[in-house]
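Scroll down for the structure; my scribbles are underneath it.
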Amino acid sequence: ANAAAFGTTNERVNRRTLDILGEEMVRANGDRLTAAQAAVNRIRTEFGVTDMAIYKRARDDWRGGWDRKAQTDAEELGALVAAAVGVRAPAIQRADDTNLYMEVMPGATAASRGIRQAPQSIVDSPQGMRMGLLDVLINNTDRHSGNWMLNLDNEASAIDHGLAFKNDDVERSSARNSPFVGLFVDTWTGEYLDTNPLTRLDVEQIRGDLEKIRPRFEQLGRGDWFGQVELRLERLAARATGYRPLLEDAPTMFARRAA
């Protein structure tokens, strides 16, 4: 997707944003999302502007026929599933079928920090495990080091879900493209492991929160995607052997809204 810093109504801010974005593109070695994130943070500091986001436009026929609307649907619905499983991910504001605005997340992508392989300490952290759960549930085929971030406290967040929910070779897709899924599926065969860190409490909480977002899947004509998420959750539930709730310290989007 194409990413750019977005500065609403102030033309001076918009012009300055483009200048800063160019500077940050050089610093980020062409990593557009990292550059956009950094540009937004600089503009916020320089002008005190708060109404900024990252603009994304889906690409045509991306990676073998994943059309623009499918990418935008996946981005929005992936963010909702992330919230349901306690993963830090940007909130999405849909502009239309193929364009959206994405919340600015603190930090920088792992790739821009020179991290090519996720450190085991991050993978084994509660947030890392929840990211692995997310990637299995949505069959995320694109969790490379440019699609997850670290803030200054080394806390991870998940970005860019435009290639999620693809049906082909379901389990192997996420297993071979996400460094976080190894506690849930075999990263070579894609088979579900006999045990995983989910608890029965986690499963019940996730089931309930997924039900809250089912209407949006159906509204977008993606009821089949929701069915896939449910099926994968039930496969994981049958193998859940955890003893400490994985979502214990991670209120979902729904809990945060109520707080």
Side-chain angles (χ1 to χ4, degrees), residues 1-4 6 33 53-103 105 130-143 147 158-178 181 184-185 190 192 203-237 252-257:
N2 297 320
F6 174 69
L33 185 54
I54 303 297
Y55 165 68
K56 294 190 72 176
R57 180 181 63 209
R59 290 183 177 179
D60 290 323
D61 193 27
W62 183 233
R63 294 194 181 178
W66 207 226
D67 65 62
R68 293 177 66 190
K69 183 177 184 301
Q71 294 169 52
T72 310
D73 288 350
E75 193 75 63
E76 178 185 352
L77 297 174
L80 291 179
V81 177
V85 298
V87 169
R88 296 184 195 92
I92 301 297
Q93 178 64 52
R94 192 80 170 248
D96 54 35
D97 278 353
T98 59
N99 297 274
L100 56 82
Y101 298 104
M102 181 178 71
E103 177 187 8
M105 300 297 288
R130 291 190 292 266
M131 285 173 60
L133 170 62
L134 170 67
D135 286 345
V136 172
L137 291 179
I138 67 175
N139 191 32
N140 186 14
T141 64
D142 199 32
R143 184 69 72 211
N147 285 341
I159 59 173
D160 199 347
H161 302 112
L163 295 180
F165 300 103
K166 297 191 77 170
N167 290 324
D168 54 324
D169 203 14
V170 174
E171 281 72 37
R172 287 196 178 98
S173 295
S174 61
R176 293 180 180 176
N177 290 281
S178 171
V181 300
F184 300 95
V185 296
Y192 289 87
V203 171
E204 290 306 311
Q205 182 176 333
I206 293 168
R207 282 179 181 143
D209 281 344
L210 286 178
E211 279 302 313
K212 297 173 185 176
I213 62 176
R214 180 196 292 268
R216 185 54 177 161
F217 277 81
E218 294 175 346
Q219 184 180 13
L220 291 173
R222 303 297 184 183
D224 57 329
W225 289 5
F226 188 84
Q228 294 163 21
V229 173
E230 280 191 312
L231 177 61
R232 293 176 199 134
L233 178 60
E234 294 312 310
R235 288 174 175 167
L236 292 170
T252 67
M253 173 179 66
F254 314 106
R256 289 198 298 271
R257 284 178 175 173

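Basis for what follows: all heavy atoms, side chains included, without hydrogens, waters or symmetry-related copies.
Atom CD of Q71 sits about 12.5 Å away from atom CG of D97, to the nearest 0.5 Å. In this structure, I159 CD1 and E75 CD are separated by 9.0 Å, a value rounded to the nearest 0.5 Å. Separating the CD1 atom in I138 from the CZ atom in R232 is a distance of 9.0 Å, to the nearest 0.5 Å. Distance CG/D67 to OG1/T98: 10.0 Å, rounded to 0.5 Å. L100 contributes atom CG, which lies 5.0 Å from atom CD1 of I92 (distance to the nearest 0.5 angstrom). Atoms CD and CG, on Q205 and L210 in that order, are 10.5 Å from each other to the nearest 0.5 Å.
When every heavy atom of M102 is checked against every heavy atom of P90, the shortest pair comes out as CG-CB, 3.2 Å. Closest non-hydrogen pair, A74 versus G162, comes out as CB-O, 3.7 Å. Of all heavy-atom pairs spanning G132 and V181, the tightest one is O-CG1, 3.5 Å. Closest heavy-atom contact between V229 and L137: CG2-O, 3.4 Å. Among all heavy-atom pairs drawn from L77 and W225, the shortest one is CD1-CE3, 3.8 Å.
Residues passing the side chain to side chain contact (heavy atoms under 4.5 Å, CB included) test with Q93, sequence neighbours excluded: Y101. Partners of F226 under the ring-ring contact (aromatic ring centres under 6.0 Å, His included) rule, at least two apart in sequence or in another chain, are F217. Listed by chain and number, the residues in a salt bridge (charged side-chain N to carboxylate O under 4.0 Å, His left out) with R207 are E204, E234 (sequence neighbours excluded). Looking at residues two or more places apart in sequence or on another chain, you find a side chain to side chain contact (heavy atoms under 4.5 Å, CB included) between A158 and V87, M131, L134, R143, H161. Partners of E230 by side-chain hydrogen bond (donor to acceptor under 3.5 Å, both in side chains), not counting sequence neighbours, listed by chain and number: R214. Taking N99 as the reference, Y55, R57, R68, A95, D96 meet the side chain to side chain contact (heavy atoms under 4.5 Å, CB included) condition, with sequence neighbours excluded.
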Test salt bridge (charged side-chain N to carboxylate O under 4.0 Å, His left out) applied to R94 and D73, step by step: CA-CA 9 Å; R94 192 80 170 248; D73 288 350; 2.5 Å; yes
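Looking only at side-chain heavy atoms (C-beta outward), K56 and D160 come within less than 4.5 Å of each other. Looking at heavy atoms from C-beta onward, E76 lies out of side-chain contact with T72 at the 4.5 angstrom threshold.
A donor-acceptor distance shorter than 3.5 angstrom exists from the side chain of N147 to the backbone of D142, with no hydrogens or angles considered.
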